[in-house]
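Every heavy atom of this structure was used, including side-chain atoms; hydrogens, water molecules and symmetry mates were not. What you are looking at is a predicted structure, and each value in this text was computed from that prediction instead of being measured. A note on names: the letters A, B, ... follow the listed sequences, proteins ahead of strands, and every chain is numbered from 1.
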Protein chains: 2
Amino acid sequence: MSEHPPLNAEEAAFLENYNPKEYAPISFTVDMVVLTIRNGRLSILLVKRAGHPFKDFWALPGGFVEADESADEAAIRELVEETNISIDEVFVEQLKTYSNPNRDPRMRVISTAYLAFIPNLPTPQGGDDASEAHFFAVEDLFSSDEGISLAFDHATIIHDALERAASKLEYTPLATRFLESPFTLSDLRKVYEAVWGEELHAANFRRKVLSTGNFVKPLGEKGESKFDTGRTAELYVPGDVNILHPAILRSSLKD
Amino acid sequence: MSEHPPLNAEEAAFLENYNPKEYAPISFTVDMVVLTIRNGRLSILLVKRAGHPFKDFWALPGGFVEADESADEAAIRELVEETNISIDEVFVEQLKTYSNPNRDPRMRVISTAYLAFIPNLPTPQGGDDASEAHFFAVEDLFSSDEGISLAFDHATIIHDALERAASKLEYTPLATRFLESPFTLSDLRKVYEAVWGEELHAANFRRKVLSTGNFVKPLGEKGESKFDTGRTAELYVPGDVNILHPAILRSSLKD
DNA sequence: TCAAAAGTGTTTTTAGTACACCCATGG
DNA sequence: CCATGGGTGTACTAAAAACACTTTTGA
């Protein structure tokens, strides 16, 4: 992106003499909000913390940004470490940066959170650092009886991520990133239903998706029925568009 | 937001012994993208750099995040320092964090960029640190003949900010933050036209705004004509809604 | 009285919603 | 043959877009 421009003699001399003084120590980390659909429910990858602080609390996977990498690079590295996924089939984007000076009791830790959508992989994930990793259904996470305690400000991060994810599905074709190709329109509809937490009218959903230019591309084949009854559905692959027009809007927002 | 929870004895002992080791020095800064409408044109506040690196280049205003404040707090502090504006009439939100390890030649500088919308103030801005501050019309900024060289990766940041601003006007009532109250619907339409760079149909714009619940509230008065001709317009103040439904969409995105 | 901005009426087109109904498949 | 999911037809409603027209103002 931005290399510094050719130095003139004056600027070169300045940099020669520039000595980074002792700043208050700061750590820079990434936190990954990895979402997938499991058994029709929106689910999030969490790891159990092995050490202090927040020992034995569940936390977002993540780690330090190394000195020679950007946060984007660290996010992709962490995602591959945690999930062993091939990076071209996932969606990753920066979510937000959290910098409350007290968010980590040890020292100042600035964390840039990333949002990732991955298909539900048969391959078990298992990071190196993570003592224990598990996908939790989002609707269980915040129901008080379940009693899952989250480390740091990760509950806040997850709330922000869920709102972003719901919004992304409205204006972009990224719902397909939760699915392996090819998929049926029912599969796609269930992604929307899981992320939005509302039921959609199947017939109208179908028409809306098909009338939204290049959202999905028909394969012209039918898959095998995934149920013990019902007609077999046609198969689709993702189209090549980046924004949806018209958008597919949540009805729950309309009032 | 997130204070750390009550410590148990074990965690207290851990923190007692925790000694932040010497990390590679990192600086944490905020960069402000301050937008306003001047003479009907979307404009951005830039400051001329007094020192190296990028001496005499134009740059986004900003500064270090102090040890005891969050980036959000630093952003508001910087905005007040640069513009002397009263903070409750402006919109500020986090844009994105830029962390390329080479974005500053001195050392690693992580910068969280913020987006702010302010009304066009008669009061002249003038920060303390800024040797020179100036609002530039955005359309001039990137026209090559104008020849404005931007420091660091600030051109990238500005591009991201402009896209975010255009998008914010579609789904939120934040266009009103560019205006002082009360305002006319023409004033509001000119904000949209300046930010989107496209002309809007005045009659339809009026109907759309008035049919979008609580976007604006009629004052029941008429102002003085701001032109040398034409009917005087009714006055409005911002309504109390956070998202627009239906949204007001750019037509330029529809294909 | 003329030009230009403010505001209203109306029609056409497009998109969202609801509901009825047919099709294909496994049990 | 029947329950169930896949898929089509159609009518109704809401919103977007285009265009003609009236109102109000300063010069």
#### Entry: Gap between atoms CZ and P, on F183(B) and dA6(C) respectively (whole Å)
14 Å

### Task
Kindly state which residues belonging to residues 188-206 of chain B come within less than 4.0 angstrom of DNA chain C, counting heavy atoms of the residue only, listed by number.
A203(B), R206(B)

### Query
Is it the case that T184(A) and D187(A) place a side-chain donor and acceptor less than 3.5 Å from each other?
yes

### Query
Is the backbone of L60(B) close enough, under 3.5 Å, to the side chain of H154(B) for a donor and an acceptor to pair up by distance?
yes

### Task
In whole angstrom, give the distance that lies between atom CG of L249(A) and atom P of dA14(D).
16 Å

### Message
Let me check I have this right: for DNA chain C, each base becomes ., (, ), [, ] or |, based on Watson-Crick or G-U pairs with both distances under 3.5 Å. What is the full string?
### Response
|||||||||||||||||||||||||||

### Query
Side chains of E139(A) and L42(A): closer than 4.5 Å at any heavy-atom pair?
no

#### Entry: Out of dT25(C), dT25(D), dG7(D), whichever nucleotide has its closest atom nearest the side chain of T229(B)
dT25(D)

### Query
In whole Å, what is the span from the CG atom of L210(A) to the P atom of dG9(D)?
13 Å

### Separation of atom NZ in K208(A) from atom P in dA15(C), rounded to whole Å
12 Å

#### Entry: T36(A) side chain to I118(A) backbone, donor-acceptor under 3.5 Å
yes

### Query
Pick one: which of R164(B), R250(B), K208(B) meets salt bridge (Lys or Arg N to Asp or Glu O under 4.0 Å) with E170(B)?
R250(B)

## Note on the structure
Quick note, R231(B) side chain, CB onward, closest among dT25(C), dG16(C), dT24(D) is dT24(D)

### Query
Can you tell me how far P of dG6(D) sits from CG of L235(A), to the nearest Å?
12 Å

### Query
With distance as the sole criterion, is a donor-acceptor pair present between the side chains of T112(A) and T97(A) under 3.5 Å?
yes

### Task
Tell me what S186(A) touches on the nucleic acid: a base, only sugar-phosphate, or nothing, going by heavy atoms under 4.0 Å.
sugar-phosphate

### Summary
Considering only heavy side-chain atoms of R207(A), the closest of dG7(C), dT25(C), dT8(D) is dT8(D)

### Query
Just by distance, do the side chain of Y98(B) and the backbone of A113(B) share a donor-acceptor pair under 3.5 Å?
no

### Query
Does a salt bridge link R77(B) with E73(B), judged by any charged N lying under 4.0 Å from a carboxylate O?
no

### Message
Any side-chain to backbone donor/acceptor pair from E78(A) onto D31(A)? Under 3.5 Å, distance only.
### Response
no

### Task
Report the distance from atom CD of E234(B) to atom C1' of dT8(C), rounded to the nearest whole Å.
12 Å

